[in-house]
Amino acid sequence: MFDVCVIGAGPAGSMLALRLAQLGHTVALVEKVRFPRPHVGESLTAGVLPLLEVVGLRREFEQAGFVAAPWATVRWAGEIRKRETHGGYQVDRGRFDALLLEAARRAGAAVHQPARLLDWRFDREQWQLRLDSGDCVQARYLADAAGRNSRMLGGSKTPLGPPMLATFAYWRNADPGNGETLVEAGPSRWYWGAPLPDSTFVACVFTTPGRTAYQALIGQSELLSPRFAGAALCGEIRSCDATPYVDTTPVTDRWIKVGDAALTLDPLSSQGTQMALGTALHAAAVIHTMFDRPADTALALDFYQRRVADSAEFHAQVARAFYREQEEPDSAPPPLSPRERVRLSPGLSFVRIPTVAGAYVIGIEGIEIGGRRTAYLGPMNVAEMLRLMNGAPIVAADLVERWSHLAGPAGALQFLQSAWHWRWIEAAADLR
Ligand SMILES: Cc1cc2nc3c(=O)[nH]c(=O)nc-3n(C[C@H](O)[C@H](O)[C@H](O)COP(=O)(O)OP(=O)(O)OC[C@H]3O[C@@H](n4cnc5c(N)ncnc54)[C@H](O)[C@@H]3O)c2cc1C
């Protein structure tokens with residue numbers, strides 16, 4: 001019998017199997033199709049690199065011949081802006097996903113491929129899983145990493161935005177430009193395009209379902225259509241649902257959902273793969289904690305449940321703000337002035353919350369405000385930073401200086417704007 005059986009070997013499933021095997025657990029990994037297989041979602045954010053580093057795959061990824069994409073060109077709210085990606089990549093998802101799967105296999109995961117899960121039941125403290133390859137797998141714990149359409153463990157998928165349809169195709173002989181990702185807003189739709197490592201170009205239009213005249217819509221894109229003079233479609237035009245969802249019950253003491261099966265982001269963020277890898281690392285810490293420190297099971301489950309819900313809310317808010325900017329270009333709130341006097345928001349409290357430290361979920365001091373709990377902002381410990389305010393009003397520029405000792409000047413500035421944005425601090429106008 002295996003400790004864990006993971007269904008689906010996309011980025012989430014392979015990362016989870018790999019990390020669990022590295023932590024000493026026996027893992028079966030079940031994937032229904034042969035690899036390499038095509039998969040849309042080729043623009044990766046720089047945030048995948050530290051996640052790959054955790055499992056020792058960063059070097060292999062950097063040497064795999066994927067294309068560095070340091071810039072994105074974004075046409076939004078009537079302006080064309082060049083945005084630094086701080087280390088993004090365009091990848092071939094067939095090869096990227098296979099790289100992760102092979103790493104899981106090398107670490108000791110027993111891979112069943114091609115093998116589709118046919119039925120499953122929990123009986124006498126173990127899962128009995130029947131595969132269409134004829135194999136039967138027994139496991140103590142089950143992970144659903146079967147992607148956005150998975151419904152194997154039931155539960156309710158709550159939409160995080162209006163229904164969205166993605167229609168995409170690959171082009172040959174398109175102008176790759178400088179290798180940058182292209183993102184563009186149009187009336188009731190938006191576009192994403194990227195040159196890929198095999199010299200093809202993926203171009204996708206996101207619309208409300210029912211509006212799918214793909215080539216006519218691509219022709220109306222200011223950024224994409226000039227790239228396709230003299231280019232030809234290679235392969236068919238495909239459509240899929242791209243509505244963002246969150247699962248309201250992503251974990252129990254018998255099973256866990258990871259990647260798109262737990263939380264599907266608005267593709268506007270280009271962070272779906274990063275999120276899939278991140279949830280997998282968190283899920284591995286949750287499972288490792290439950291197996292190795294059973295007394296902390298409730299802490300671990302609470303961590304994962306909240307983490308998925310908080311990530312969903314955060315990404316939905318960011319996406320809403322981005323769409324609002326397109327509809328009402330002047331709606332962005334002004335950043336905090338360094339001369340403003342600020343204080344801790346009265347609704348904020350310091351609480352003990354679960355977080356991942358290394359291989360385990362542990363309890364540490366964090367903050368809670370408006371029902372939302374936070375422990376870290378990047379590498380910065382939020383409670384530690386806010387405690388430096390000593391509860392007294394302070395000029396923002398002086399606060400940045402105080403925080404710089406812990407986070408460096410750039411980190412302190414970023415922390416200030418985030419603390420303002422999330423209302424951890426507020427203007428102390430009455431005390432000026
Ligand atoms: C149009 C579009 C564009 C996108 N663009 C980007 C982008 O630019 N950048 C980005 O980071 N993300 C993007 N995404 C999102 C990204 O592709 C996903 O978030 C990511 O693939 C999620 O990984 P996953 O492992 O959870 O699921 P998946 O990658 O979907 O993997 C699930 C795996 O499970 C297998 N499986 C399913 N059912 C079974 C079963 N019963 N038995 C066995 N195996 C099974 C499948 O074959 C598959 O290999 C985009 C998404 C869409 C729809």
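Counting convention: from 1, in listed order, for ligands and their atoms alike.
Remark: minimum distance from atom 3 (C) of ligand 1 to any protein heavy atom is reached at Trp192 CZ3, 4.0 Å. Summary of contacts: the protein heavy atom closest to atom 26 (O) of ligand 1 is Asp260 N, 2.8 Å. Of the protein's non-hydrogen atoms, Ala145 O, 3.5 Å is the one closest to atom 32 (C) of ligand 1. Counting only heavy atoms of the protein, atom 29 (O) of ligand 1 lies nearest to His39 NE2, 3.0 Å. Of the protein's non-hydrogen atoms, Gly41 CA, 3.6 Å is the one closest to atom 13 (C) of ligand 1. Looking from atom 27 (O) of ligand 1 to the surrounding protein, the closest heavy atom is Gly147 CA, 3.7 Å. If you check which protein heavy atom lies closest to atom 47 (O) of ligand 1, you get Glu31 OE2, 2.6 Å. When hydrogens are left out, the protein atom nearest atom 9 (N) of ligand 1 is Ser43 O, 2.7 Å; that is the closest non-hydrogen contact.
A side-chain N or O of Trp192 and one of Ser43 form a donor-acceptor pair less than 3.5 Å apart. Side-chain contact annotation: Tyr191 with Arg189, donor-acceptor N/O pair under 3.5 Å present. For the residue pair Ser349 and Glu368, no side-chain donor N or O sits within less than 3.5 Å of a side-chain acceptor on the partner. Side chains of Ser150 and Asp144: a donor-acceptor N/O pair is present below 3.5 angstrom, by distance only. Side-chain contact of Thr45 with Gln271: a donor-acceptor pair under 3.5 Å is absent, judged by distance alone.
Proximity to Ile7 (heavy-atom distance under 4.0 Å) selects the following atoms of ligand 1: 40 (C), 42 (N), 43 (C). Heavy-atom contacts of Leu117 reach the following atoms of ligand 1: 41 (N), 42 (N) (cutoff under 4.0 Å). Interface atoms of ligand 1 facing Gly259, defined by a heavy-atom separation under 4.0 Å, are 26 (O). Near Ala115, the atoms of ligand 1 lying under 4.0 angstrom from a non-hydrogen atom of the residue are 43 (C). The contact set between ligand 1 and Val30, taken as ligand atoms under 4.0 Å from a residue heavy atom, comprises 43 (C), 44 (N). If you number the atoms of ligand 1 from 1 as listed, the ones under 4.0 Å from a heavy atom of Ser270 come out as 8 (O), 9 (N), 10 (C), 11 (O).
A salt bridge links Arg227 with Glu180; the closest basic N to acidic carboxylate O contact falls under 4.0 Å. Lys32 has no carboxylate O lying under 4.0 Å from a charged side-chain N of Asp132, or vice versa, which leaves the two without a salt bridge. Between Arg105 and Glu102 there is a salt bridge, with a side-chain nitrogen of the basic residue lying less than 4.0 Å from a carboxylate oxygen of the acidic one. Asp310 has no carboxylate O lying under 4.0 Å from a charged side-chain N of Arg373, or vice versa, which leaves the two without a salt bridge.
Geometrically, ligand 1 and Cys204 share no nitrogen or oxygen pair separated by less than 3.5 Å. Between Pro11 and ligand 1, at least one pair of N/O atoms sits closer than 3.5 Å. Polar contact check, Thr273 against ligand 1: a nitrogen or oxygen pair lies under 3.5 Å apart. Between Lys32 and ligand 1, a contact under 3.5 Å exists for at least one N or O pair.
Heavy atoms of Arg148 found under 4.0 angstrom from ligand 1: none, in either backbone or side chain. Contact annotation for Ala276 and ligand 1: only side-chain heavy atoms (C-beta onward) come within less than 4.0 Å of the ligand. Only side-chain heavy atoms of Cys240 come within less than 4.0 Å of ligand 1; its backbone N, CA, C and O stay farther off. Contact annotation for Thr264 and ligand 1: no heavy atom of the residue comes within less than 4.0 Å of the ligand. No part of Met152 comes within 4.0 Å of ligand 1, judged by heavy-atom distances. With a 4.0 Å heavy-atom cut-off, ligand 1 is reached by the side chain of Ala166 but not by its N, CA, C or O. When non-hydrogen atoms are compared, ligand 1 lies under 4.0 Å from the side chain of Arg37 (C-beta onward) but not from its backbone.
Atom 51 (C) of ligand 1 is never approached by the protein to below 4.0 angstrom, counting heavy atoms only.
Ligand 1 lies out of reach of Ala194, whose nearest heavy atom is not under 4.0 Å from it.
The aromatic rings of Tyr360 and His288 lie tilted to each other, with the angle between the two planes from 30° to 60°.
Aromatic ring centres of Phe303 and His282: separated by under 6.0 Å. If you look at Tyr89 and Phe96, their ring centroids are not closer than 6.0 Å. Ring-centre distance between Trp420 and Phe415: not below the 6.0 Å cut-off. For Trp255 and Tyr141, the gap between ring centers reaches or exceeds 6.0 Å.
Among the candidates Val137, Leu118, Leu117, the single residue satisfying the side-chain contact (heavy atoms from CB on, under 4.5 Å) test with Arg130 is Leu118.
One distance of note links CG of Leu263 with NZ of Lys157; it measures 10.0 Å at 0.5 Å rounding.
Between the choices Met15, Arg116, Arg93, the shortest heavy-atom distance to atom 16 (C) of ligand 1 belongs to Arg93.
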